[in-house]
Amino acid sequence: MSRSCPIFDAHFHVIDPEFPLIPNQGYFPDPFTVDDYIARVKGYDLVGGAVVSGSFQGFDQTYLVSSLRRLGSGFFGVTQAPATISDEDLIELHDEGVRAVRFNLRRGGSESIENLGSMASRVYELLGWHVELYVDSRSLGELCGVIGGLPSVSIDHLGLSREGFEAVLGLVERGVKIKATGFSRVNFPIVDALKRIHEINPKSLMFGTDLPSTRAPKPYSHQDLQLIIDHFSGADLDNILYKNAQEFYGCDPKGGRDVDLNT
């Protein structure tokens, strides 16, 4: 295995106790600071990544802005924000490198699903952002029609469940991005799922470490990355490991920071 493959880590968390944290469903996370993250991915050819807000961070933006400033060019933010947030505040977050709003339909702590469509349209039209969904595919149901009509959207952790995975594939056909993350969280064969998604749309899959793997049955290990390297190669591997995500987060037609491949 070579660790020289460029990687855009499309999904990881920063948990810094210097900033507000909120227990969620009785869970309070252990610290995982920017320094912890950098140490954990030492040896990877990291070209950037996406810091994702968790349920335990609510609508706090201070940790995210601080993290992005420390990580620098090539890193972007996925925030949780209330529907009442002003355009001015969204623009300020954009200037700091935020590129998406997360709706945590599984754990809560984010804006409610009733505001998904309106907020997705608003942030896309204003700043070219996408929305990110943490959702169990078993509960997609009628949401598929709403999600398929959103201007730009990604789904975390391969959708999590075997039941409903066909609905995920249907969304892939409609251009939805899927994060190849949190492999221990899902209940179906990973490689088969990756190949089926990739066959439908080679631009869909985006690898991420999911560090520090909060509440996952098993934390991320290098074998998760190895699994992808073992089953994809060439341009397909490049797309999954960094190109798809760089395009999704970094190629912003409305401006903002550029991805620095020398990070």
Side-chain angles (χ1 to χ4, degrees), residues 8-16 19-22 24 29 32 34 37 46 48-83 85 89-111 113 115-116 119-120 122-124 126-135 147 150-159 176-182 204-214 242 244-252 254 256-257 259:
F8 182 102
D9 186 352
H11 193 104
F12 68 95
H13 301 282
V14 171
I15 304 164
D16 192 330
F19 300 96
L21 291 169
I22 306 166
N24 177 267
F32 188 75
V34 170
Y37 174 73
L46 204 63
V51 183
V52 178
S53 293
S55 60
F56 39 76
Q57 285 156 327
F59 296 141
D60 174 58
Q61 310 298 336
T62 56
Y63 98 91
L64 185 56
V65 170
S66 174
S67 299
L68 292 174
R69 288 177 179 177
R70 288 206 58 201
L71 288 163
S73 180
F75 287 85
F76 302 91
V78 179
T79 190
Q80 295 178 152
I85 190 172
D89 285 343
L90 287 171
I91 291 168
E92 287 184 9
L93 289 173
H94 183 86
D95 290 342
E96 295 288 354
V98 176
R99 292 295 180 269
V101 175
R102 191 185 201 207
F103 282 75
N104 193 327
L105 309 183
R106 180 170 171 79
R107 303 285 189 192
S110 66
E111 184 53 86
I113 187 65
N115 291 311
L116 173 60
M119 199 162 186
R122 179 187 173 202
V123 298
Y124 183 79
L126 181 67
L127 295 164
W129 288 11
H130 63 274
V131 292
E132 176 174 312
L133 305 179
Y134 184 16
V135 59
I147 295 170
L150 299 179
S152 186
V153 59
S154 68
I155 291 177
D156 294 344
H157 311 321
L158 300 171
V176 171
K177 306 290 187 181
I178 306 295
K179 289 192 175 183
T181 58
S204 180
L205 286 170
M206 304 183 297
F207 168 76
T209 63
D210 189 35
L211 286 169
S213 308
T214 55
Y242 72 100
N244 288 347
Q246 278 191 330
E247 180 177 345
F248 197 48
Y249 286 94
C251 296
D252 183 358
K254 296 182 181 297
R257 44 164 92 181
V259 171

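Note that the structure is predicted; figures quoted are calculated from it, not measured.
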- [ ] Could you tell me the separation between the CZ atom of R70 and the CG atom of L68, rounded to the nearest 0.5 Å?
- [x] 12.0 Å
Open item on the list: Strictly distance-based, threshold 3.5 Å: is any side-chain N or O of S66 a donor or acceptor partner for the main-chain N or O of T62?
Closed with: no
- [ ] Could you walk me through whether D16 and V34 pass the side-chain contact (heavy atoms from CB on, under 4.5 Å) test, one step at a time?
- [x] CA-CA 8 Å; D16 192 330; V34 170; over 6 Å; no
Open item on the list: Within the structure provided, determine whether F19 and V14 are in side-chain contact (heavy-atom separation under 4.5 Å).
Closed with: no
Open item on the list: Between Q57 and G54 (side chain of the first, backbone of the second, donor and acceptor by atom type, cut-off under 3.5 Å), is there such a pair?
Closed with: yes
Open item on the list: Once rounded to the nearest 0.5 Å, what's the spacing between atom OG of S55 and atom CZ of R102?
Closed with: 7.5 Å
- [ ] Taking all heavy atoms of H13 and all of F32, pick out the closest pair and write down the distance.
- [x] O-CD2, 3.2 Å
Task: S154 to M206 - nearest heavy-atom pair and separation - done: CB-CE, 4.1 Å
Task: Closest non-hydrogen atom pair between D9 and G208, with its separation - done: OD1-CA, 3.2 Å
Task: S152 vs F248 side-chain heavy atoms within contact, under 4.5 Å - done: yes
Task: Side chains of V135 and I155 in contact at under 4.5 Å (non-hydrogen atoms) - done: yes
Open item on the list: Quick check on side-chain contact (heavy atoms from CB on, under 4.5 Å): which of L205, D156, L158 does K179 satisfy it with?
Closed with: D156
Task: Heavy-atom check, side chain of S53 versus side chain of F59, under 4.5 Å - done: no
Task: Atom pair CD1 (I178) and NE2 (H157), whose distance is rounded to the nearest 0.5 Å - done: 12.0 Å
Task: Where I85 and A81 come nearest, the two heavy atoms and their spacing - done: CD1-CB, 4.0 Å
TODO: Drop me the distance from N244's CG to K177's NZ, to the nearest 0.5 angstrom.
DONE: 5.5 Å
Open item on the list: Has D210 got a side-chain atom pairing as donor or acceptor with T181's backbone, closer than 3.5 angstrom?
Closed with: no
Task: Whether R99 side chain and H94 backbone form a donor-acceptor pair below 3.5 Å - done: yes
Open item on the list: Is there a side-chain contact between V153 and H130 in this structure, where contact means two heavy atoms from C-beta onward sitting under 4.5 Å apart?
Closed with: no
Open item on the list: Parallel, tilted or perpendicular: which one describes the rings of F12 and Y37, with boundaries at 30° and 60°?
Closed with: parallel
Task: Smallest separation among heavy atoms of A50 and F8, with atom names - done: N-CE2, 4.0 Å
Task: Heavy-atom closest contact (G77 atom, L64 atom, distance) - done: CA-CD1, 4.0 Å
Task: F76 and Y249 aromatic ring geometry - parallel, tilted or perpendicular at 30°/60° bounds - done: parallel
Open item on the list: Just verifying a value: how many Å separate T79 OG1 and W129 CH2, rounded to the nearest 0.5 Å?
Closed with: 6.5 Å
Task: Distance, nearest 0.5 Å, that separates CG of L21 from CG of D60 - done: 8.0 Å
Open item on the list: Are L150 and L116 packed together at the side-chain level, in the sense that at least one heavy-atom pair is separated by less than 4.5 angstrom?
Closed with: yes
Task: Side-chain touch D89/Q61, heavy atoms, less than 4.5 angstrom - done: no
TODO: Compare all side-chain heavy atoms of I15 with those of P212 and state whether any distance is below 4.5 angstrom.
DONE: yes
